[in-house]
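Written below as structure tokens is the structure these notes are about.
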Amino acid sequence: ALSQAITSSWPEDIHVSRFCCQILTHDEATIGAIIDCACHRDRAGFEAHVEGLIRPERIHRLWDGVLALVAAEARGT
């Protein structure tokens with residue numbers, strides 16, 4: 001699952017804003033961006049968003065996790 005891939009890849013705990021703040025944290029914006037890249041099969045864009053954040057040896061696992069989420073959503077599961 002994506003949450004497991006993020007937990008094992010992200011360099012620190014993920015920060016999430018309260019809904020009432022009406023603003024995304026850097027983590028939320030990055031996760032949204034990488035999901036968008038996966039929807040468009042844009043591996044280069046995905047890597048650009050996580051460059052310097054995720055260690056290179058962990059990028060493949062995160063990409064696979066994001067693709068799995070996109071596929072599951074497309075199937076409606």
Side-chain angles (χ1 to χ4, degrees):
L2 180 58
S3 61
Q4 293 168 338
I6 289 173
T7 300
S8 65
S9 303
W10 228 250
E12 58 187 34
D13 291 339
I14 295 172
H15 298 280
V16 179
S17 290
R18 290 189 171 108
F19 180 74
C20 62
C21 294
Q22 298 181 351
I23 190 167
L24 295 175
T25 66
H26 180 265
D27 292 336
E28 292 171 310
T30 301
I31 292 167
I34 64 176
I35 291 171
D36 189 54
C37 288
C39 287
H40 295 95
R41 302 280 187 195
D42 180 8
R43 177 72 185 250
F46 170 88
E47 290 186 5
H49 283 290
V50 298
E51 183 179 4
L53 175 66
I54 305 297
R55 288 194 273 179
E57 67 272 11
R58 296 179 175 181
I59 290 175
H60 181 73
R61 181 175 181 196
L62 185 58
W63 173 249
D64 287 347
V66 176
L67 287 180
L69 172 71
V70 169
E73 288 293 322
R75 289 190 307 270
T77 56

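All residue numbers refer to positions in the sequence shown, counting from 1.
Rounded to the nearest 0.5 angstrom, H26 NE2 and I31 CD1 are separated by 10.5 Å. Taking CD1 of I34 as the reference point, atom CG of L2 lies at 6.5 Å (rounded to 0.5 Å). In this structure, CZ on F46 lies 4.0 Å from CG on L62, to the nearest 0.5 angstrom. Atom-to-atom distance recorded for I59:CD1 and R43:CZ is 7.0 Å, nearest 0.5 angstrom. A distance of 5.5 Å separates OG1 in T7 from CD1 in I14, rounded to the nearest 0.5 Å. In this structure, CG in L53 is found 8.0 Å from CD in E12, a value given to the nearest 0.5 Å.
Put simply, L24 and W10 are part of two different groups of oily side chains (I, L, V, M, F, W, Y) that touch within less than 4.5 Å, one to the next.
Other residues, nucleotides and ligands contribute more than 12 heavy atoms inside 6.0 Å of the NE2 atom of H15. The number of heavy atoms from other shown groups lying within 6.0 Å of CD (E57) is above 12.
Of all non-hydrogen atoms in A5 and S8, the two that sit nearest each other are O-OG, 3.2 Å. The two atoms that bring T30 and H49 nearest to each other are CG2-O, 4.0 Å, heavy atoms only.
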Requested in this report: I would like to know whether I23 and E28 meet side-chain contact (heavy atoms from CB on, under 4.5 Å); could you show each step before the answer?
Outcome: CA-CA 9 Å; I23 190 167; E28 292 171 310; over 6 Å; no
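With S9 contributing its side chain and I6 its backbone, the two residues share no donor-acceptor pair below 3.5 Å.
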